[in-house]
Amino acid sequence: MLERVEQAKQTIQQACTRMDRPIQIMEVCGTHTVAIFRHGIRSLLPPQIKLLSGPGCPVCVTDQGYIDIVLELAGRDDVILATYGDMMRVPGRAGTLERLHKPEIKVVLSTDDALALAQKHPDKTVVFAAVGFETTTPASAVAVADAASSNLHNFCILSGHKLVVPAMQALLGAKNDKIDAFMCPGHVSVILGSDAYKPVAERFHKPCVVAGFEAVQIMEGIAAICKQMAEGRGEVESVYGAAVTPQGNRTAQAIIDNMFEPYDGPWRGLGFIPGGSLRLRPRYQRFDALHRFGISEIPAEELGGCQCGRVLCGLIDPPQCPLFARKCTPDSPIGPCMVSTEGACSAWYKYGKH
Amino acid sequence: MCLAVPARIVEKEGDRAVADAMGNRWNIRITLTPEIEVGDVVLVHAGYAIAKVDEEEARRTWELFEEIAQFEEKRIAAEQADKEE
């Protein structure tokens with residue numbers, strides 16, 4: 001294992017001698033952000049290489065307007081709100097789910113648990129706060145399909161699901177010259193397949209390399225990127241191994257496509273990304289919490305003073321935000337990047353120097 | 001949020017299965033990986049198998065978990081010893 005890390009390190013160093021300028025690599029996945037800190041990856045890299053944390057933590061890119069709707073629905077007497085644990089501490093205008101102290105707010109580990117709640121409580125409507133990228137979306141899709149086929153009428157989802165590739169395109173399309181290459185998310189790519197990044201690599205001529213989450217896999221991912229940069233290439237590559245194929249998990253893709261359609265939805269810090277969000281298709285509208293509770297749309301809102309949006313675009317590092325480690329800490333977070341354990345600010349606070 | 005752990009399928013019925021990782025067993029869905037058989041090793045995310053994985057890769061992850069668990073045990077024991085002093 002150490003040999004492979006050492007070899008990757010040498011490849012990186014050799015490539016750096018052939019590059020005429022420093023490079024910035026964005027890791028798109030929050031799980032990567034945490035793994036990079038935990039394994040001390042930065043300490044193994046030459047100074048020419050800078051790692052940026054991108055918009056890959058689902059909680060962090062979830063717009064303030066969505067959080068406010070979740071809080072509003074959670075406050076209703078006729079609703080049980082089911083959510084992954086990540087959402088509990090994210091602040092909206094009316095506090096957080098955690099601070100509502102309602103027994104009808106339930107943390108679930110899978111969408112199956114949310115469906116079971118609906119079966120157990122026929123007098124309430126279970127709303128599942130469906131956030132996450134392509135890794136998590138299929139589970140929401142299966143839950144809606146299950147609810148439809150078993151006539152479970154008291155179940156619906158509030159879709160905050162998002163797509164990784166449109167976000168990468170939006171970041172580069174916004175003339176963001178800070179990003180030279182992407183390290184693509186391992187488990188999103190299990191579903192999507194590495195070919196999904198071809199439009200990004202081809203249109204913008206930037207290396208897109210899929211990597212796993214172990215230290216050696218991350219180092220090999222960075223090495224592959226550096227090698228491409230040194231050779232003037234901008235291609236799709238995977239160093240993750242057997243789990244990621246060029247085509248991805250076709251069954252999961254078909255399930256998502258049957259249930260959801262892309263639309264231009266709001267992202268924190270990035271605004272409305274064309275085709276970047278997913279909503280239920282009209283034929284499944286009865287399982288859409290927006291439709292069921294007569295909410296017209298998710299409004300785009302921002303928290304004042306919070307720089308999470310610029311952090312997510314790689315424009316600043318967390319310590320450059322005036323709130324970081326002063327007003328905003330993991331114990332009393334202001335922005336979602338500090339709330340989420342996978343947020344860039346939380347990771348910088350926990351592992352970085354400040 | 002996109003964490004996934006490797007686990008071995010030890011039982012299967014329809015699109016439901018029992019997964020085992022280092023002796024821990026739990027119920028999962030195999031709706032997204034219909035080709036999976038008992039004995040296969042899969043990546044599990046939020047209660048769903050998302051892909052079949054290589055036995056060797058899975059073993060590496062399990063060994064890493066084992067190492068972390070042992071480290072944690074030692075750390076907790078050391079902390080307790082400190083308190084007792």
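From a predicted model like this one, the values you see are computed outputs, not experimental measurements. So you know, we letter chains A, B, ... as the sequences are listed, proteins then strands, and number each from 1.
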*asked:* Which atoms of Ile191(A) are under 4.5 Å from chain B, going by heavy atoms: the side chain, the backbone, both sets, or neither?
replied: side chain
*Step through the shown structure and confirm whether more than 12 heavy atoms of other residues, nucleotides or ligands are within 6.0 Å of CD on Gln247(A).*
yes
*If you round to the nearest 0.5 Å, how far is CZ of Arg16(B) from CG of Asp112(A)?*
4.5 Å
*Spatial distance of atom OG (Ser140(A)) from atom OH (Tyr48(B)) [nearest 0.5 Å]*: 8.5 Å
*Start with the C-alpha distance between Leu32(B) and Arg250(A), add both sets of side-chain angles, then the distance that settles side-chain contact (heavy atoms from CB on, under 4.5 Å), and finish with yes or no.*
CA-CA 9 Å; Leu32(B) 309 175; Arg250(A) 286 263 168 85; over 6 Å; no
*From CD (Glu57(B)) to CD (Glu214(A)), nearest 0.5 Å*: 8.0 Å
*Under 4.5 Å, counting heavy-atom pairs only, tell me which of Ala243(A), Ala139(A), Gly248(A) racks up the most with chain B.*
Ala139(A)
*Are there more than 12 heavy atoms of other residues, nucleotides or ligands under 6.0 Å from atom NZ of Lys52(B)?*
no
*asked:* Looking at Glu67(B), I'd like to know if its CD atom is crowded, meaning that more than 12 non-hydrogen atoms belonging to other residues, nucleotides or ligands lie closer than 6.0 Å.
replied: no
*asked:* Measuring from atom CG of Asn249(A) to atom CG of Leu43(B), what distance do you get when rounded to the nearest 0.5 angstrom?
replied: 11.0 Å
*asked:* Out of Ile50(B), Thr31(B), Thr61(B), return the one with the most heavy atom pairs under 4.5 angstrom to chain A.
replied: Ile50(B)
*Which pair of heavy atoms, one from Ser110(A) and one from Ala46(B), lies closest together, and at what distance?*
CB-O, 3.2 Å
*Near Glu3(A) CD, under 6.0 Å, is it more than 12 heavy atoms from other residues, nucleotides or ligands?*
no
*Take atom CD of Glu13(B) as the centre, draw a 6.0 Å sphere, and report whether it contains more than 12 heavy atoms from other residues, nucleotides or ligands.*
no
_Spatial distance of atom NE2 (His45(B)) from atom NE2 (His187(A)) [nearest 0.5 Å]_ = 9.0 Å
*When only pairs under 4.5 Å are counted, which of Ile255(A), Val244(A), Thr251(A) shares the most heavy-atom pairs with chain B?*
Thr251(A)
